Each structure stands twice: as structure tokens, then as C-alpha cells.
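Below you'll find the structure, written out as C-alpha cells, and then a few comments.
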Amino acid sequence: MAKAQQNYVEVFYLDKGTIVSRLLRGTLTGILEQVPDARQVHRSYVVNLDHVVAVSGNSRKRELQLKHVEARLPLSNKYLEALQGRLPG
């Protein structure tokens, strides 16, 4: 998972079963170019869809639940259509 923060991107990944984060100078577009399995789900978030376990909410507010992450991430309607068929029910 990656989260945009102005001119930086906070990247979260698993290292020996523990979530680690790194703050990198760059953009979400740069992450998308470097990580082929990453998909944008919101203007501020990129995730690996293989780690999505659930989608909840309605047309006004949808959220993603990822493995190993307690917080729910927003899922924008703008990106939902492109992700249909790749997300769990």
C-alpha cells in the first residue's frame, strides 16, 4: 500500500510478517510505474489488489479492508469501475 503526502509517498510493506513504512520523495504515479501489481483506489492511495480482503459501503462511501492492516482505506467511485471483477464481493 502507498499513501500520497504532498511531494512524498509513504509506502507500507510486509517484512517478516511486520508492516514497515518508508517515506519516499515521489508521486503515486511513480509508484504505479514501478510496481506492476499496484492499482490506484483513491486520489491518495495505491494498493496491491491481491491484499484486499473486503469491500464495504455504498455508492456514497466505499472502503477497502487489506490483510494485515486494521484501518480501512477509501475507495473512490472514479476508480471503482476499472477495478470491477478484481475486488472481492
Side-chain angles (χ1 to χ4, degrees):
M1 168 179 104
K3 179 181 178 184
Q5 296 182 1
Q6 296 175 350
N7 294 333
Y8 295 89
V9 177
E10 188 172 12
V11 177
F12 298 84
Y13 59 94
L14 281 175
D15 183 22
K16 299 177 186 170
T18 303
I19 295 180
V20 179
S21 72
R22 299 272 175 160
L23 193 61
L24 308 172
R25 186 166 176 85
T27 63
L28 286 182
T29 303
I31 297 295
L32 288 168
E33 290 171 355
Q34 294 177 34
V35 182
D37 293 335
R39 297 289 181 265
Q40 191 156 7
V41 295
H42 184 269
R43 69 180 179 158
S44 300
Y45 291 94
V46 167
V47 300
N48 180 338
L49 296 181
D50 293 338
H51 293 274
V52 175
V53 293
V55 177
S56 60
N58 56 36
S59 62
R60 298 191 82 205
K61 183 179 179 184
R62 283 190 181 86
E63 297 176 322
L64 296 173
Q65 180 66 48
L66 300 177
K67 295 176 194 173
H68 311 289
V69 179
E70 288 184 32
R72 294 185 180 269
L73 306 179
L75 173 58
S76 172
N77 288 331
K78 177 179 178 180
Y79 300 104
L80 177 63
E81 188 173 318
L83 300 175
Q84 289 291 5
R86 300 261 344 254
L87 296 172

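Because the structure is predicted, anything quoted here is derived from the model rather than measured.
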The complete set of side chain to side chain donor-acceptor pair (under 3.5 Å) pairs with one or both residues in residues 42-51, sequence neighbours excluded, reads none
Please name the pair of heavy atoms, one in V52 and one in L66, separated by the smallest distance, quoted to 0.1 Å.
CG2-CD2, 3.6 Å
Heavy-atom closest pair (I31 atom, A2 atom, distance to 0.1 Å) is CG2-CB, 4.4 Å
On a heavy-atom basis, the closest approach of E63 and R72 is OE1-CD, 3.3 Å
For the student: nearest non-hydrogen atoms of V9 and L28, plus distance
CG2-N, 3.8 Å
ILVMFWY network linking L80 to V47, side-chain heavy atoms under 4.5 angstrom:
yes
Quick check: do L83 and L75 have side-chain heavy atoms less than 4.5 Å from each other?
yes
I'd like to check the side chain to side chain contact (heavy atoms under 4.5 Å, CB included) partners of E33; sequence neighbours left out, ordered by chain and number.
T29
Y79 versus R39: any side-chain heavy-atom pair under 4.5 Å?
no
With a 4.5 Å heavy-atom cut-off, do V46 and V41 have their side chains touching?
no
How about CD on Q5, more than 12 heavy atoms from neighbouring residues, nucleotides or ligands closer than 6.0 Å, or not?
yes
Indicate, with yes or no, if Y13 and V35 share a hydrophobic cluster defined by side-chain heavy-atom contacts under 4.5 Å among Ile, Leu, Val, Met, Phe, Trp and Tyr.
yes
In Å, rounded to the nearest 0.5 Å, how long is the span from CD1 of I19 to CE of M1?
7.5 Å
Within one Ile-Leu-Val-Met-Phe-Trp-Tyr cluster: L14 and V20, side-chain cutoff 4.5 Å
no
From L64 atom CG to S76 atom OG, the distance as rounded to the nearest 0.5 Å
10.5 Å
